[in-house]
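In what follows, every heavy atom counts, from backbone to side chain, and hydrogens, waters and symmetry copies are set aside.
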Amino acid sequence: MTQYERSAQIWSLLIFAARNQQVLSYSMVEKLTGLPKVGLANFLGPIQDYCKRHKLPQLTALVVNERTGIPGEGFHTLDDIFKAQSRVFVYDWLKDNVPTPDELEKSDHHKED
C-alpha cells in the first residue's frame with residue numbers, strides 16, 4: 001500500500017473523529033491503523049497539504065502528542081490549535097468525497113519530484 005493510499009485511509013479515520021468531536025493522540029492513531037506513530041507525519045503531511053490547497057479546516061489538528069496535547073507542524077499557539085480544532089469539528093466532512101490517493105499526492109508539497 002502506498003503512502004497516499006494510507007493517507008486516504010487516515011483521512012476517513014480523522015473525519016470520523018471530527019464527527020464525534022474527538023481529538024486523537026499519535027498513539028491512538030498508531031493502534032487504530034497499525035502504522036508506527038514515529039512515521040505518522042509522512043501520512044498526515046499530504047492530508048495537511050490537501051486541506052490547505054482546498055481551503056478546508058486543518059483536519060490534522062485532531063492528532064496530538066499525548067504528553068503535550070499539541071499537534072505537529074503548522075500550529076504556533078494554543079489559540080491556533082483550539083481554533084483549528086473547532087473549525088474541524090463544525091465542518092460538514094461528509095458533504096465532500098474522501099480525496100483519492102492521486103489527489104493527495106498532487107497536493108503533497110513535501111514530495112520530491
Exercise for review: Please check if the side chain of Asn65 supplies one atom and the backbone of Arg67 the other of a donor-acceptor pair under 3.5 Å.
Suggested key: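 Pair found, side chain donor or acceptor close to backbone of Arg67.
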Check your understanding: Is the backbone N or O of Lys106 less than 3.5 Å from a side-chain atom of Arg53, with the two atoms forming a donor-acceptor pair by type?
Key ->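 Side chain of Arg53 to backbone of Lys106, a donor-acceptor pair under 3.5 Å: yes, one is there.
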Review point. What residues form a ring-ring contact (aromatic ring centres under 6.0 Å, His included) with Tyr91, not counting sequence neighbours?
Key: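 Tyr91: ring-ring contact (aromatic ring centres under 6.0 Å, His included) contacts with Trp93.
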Practice item. Tell me, please, which residues at least two apart from Phe43 pass ring-ring contact (aromatic ring centres under 6.0 Å, His included). Key: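 Testing Phe43 for ring-ring contact (aromatic ring centres under 6.0 Å, His included), a comparison that skips the adjacent residues, returns none.
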Practice item. Tell me, with the steps shown, if Leu44 and Leu59 meet side-chain contact (heavy atoms from CB on, under 4.5 Å). Key: CA-CA 9 Å; Leu44 295 173; Leu59 197 51; over 6 Å; no
Point to revise | With sequence neighbours excluded, residues passing salt bridge (Lys or Arg N to Asp or Glu O under 4.0 Å) with Lys52 | key: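 Expected list: none.
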Review point. Excluding sequence neighbours, so at least two apart, what forms salt bridge (Lys or Arg N to Asp or Glu O under 4.0 Å) with Glu66?
Key: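 Per chain and number, Glu66 pairs via salt bridge (Lys or Arg N to Asp or Glu O under 4.0 Å) with Lys37.
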Is the closest side-chain heavy-atom distance between [X] and [Y] below 4.5 Å?
X	Y	answer
Ser107	His54	yes
Val88	Leu56	no
Gln22	Met28	yes
Glu105	Pro46	no

**Study point:** Cluster check Met1, Leu35: I/L/V/M/F/W/Y, side chain < 4.5 angstrom
**Key:**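 The answer is no; the residues belong to distinct hydrophobic clusters.
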Point to revise | Single-linkage hydrophobic cluster Phe16~Ile10, side-chain heavy atoms < 4.5 angstrom | key: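 Per the 4.5 Å side-chain linkage, Phe16 and Ile10 are not co-clustered.
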Point to revise | Closest contact, heavy atoms only, Ala8 versus Val98 | key: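 Looking at all heavy atoms of both residues, the closest pair is O-CG1, 3.8 Å.
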Review point. Which value, rounded to the nearest 0.5 Å, describes the distance between Thr60 atom OG1 and Trp11 atom CH2?
Key: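 Reported value, rounded in 0.5 Å steps: 9.5 Å.
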Exercise for review: Starting at CD of Gln48, measure out to OG of Ser7 and round the result to the nearest 0.5 Å.
Suggested key: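 Answer rounded to 0.5 Å: 11.5 Å.
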With sequence neighbours excluded, tell me which residues meet side-chain contact (heavy atoms from CB on, under 4.5 Å) with [X].
X	value
Val29	Leu13, Leu24, Thr33, Leu40, Val63
Asp79	Thr77, Lys83
Gln85	Val23, Ala61, Leu62, Val64, Ile81, Phe82, Phe89

Practice item. Output all residues satisfying side-chain hydrogen bond (donor to acceptor under 3.5 Å, both in side chains) with Asp102, sequence neighbours left out; order by chain, then residue number. Key: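 Asp102: no side-chain hydrogen bond (donor to acceptor under 3.5 Å, both in side chains) contacts found.
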Exercise for review: Enumerate the residue pairs fulfilling salt bridge (charged side-chain N to carboxylate O under 4.0 Å, His left out) with a member in residues 13-26, sequence neighbours excluded, ordered by first and then second residue.
Suggested key: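 Residue pairs with at least one partner in residues 13-26: there are none.
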Review point. Which residue pairs pass the salt bridge (charged side-chain N to carboxylate O under 4.0 Å, His left out) test with at least one member in residues 85-99, sequence neighbours excluded?
Key: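 Residue pairs with at least one partner in residues 85-99: there are none.
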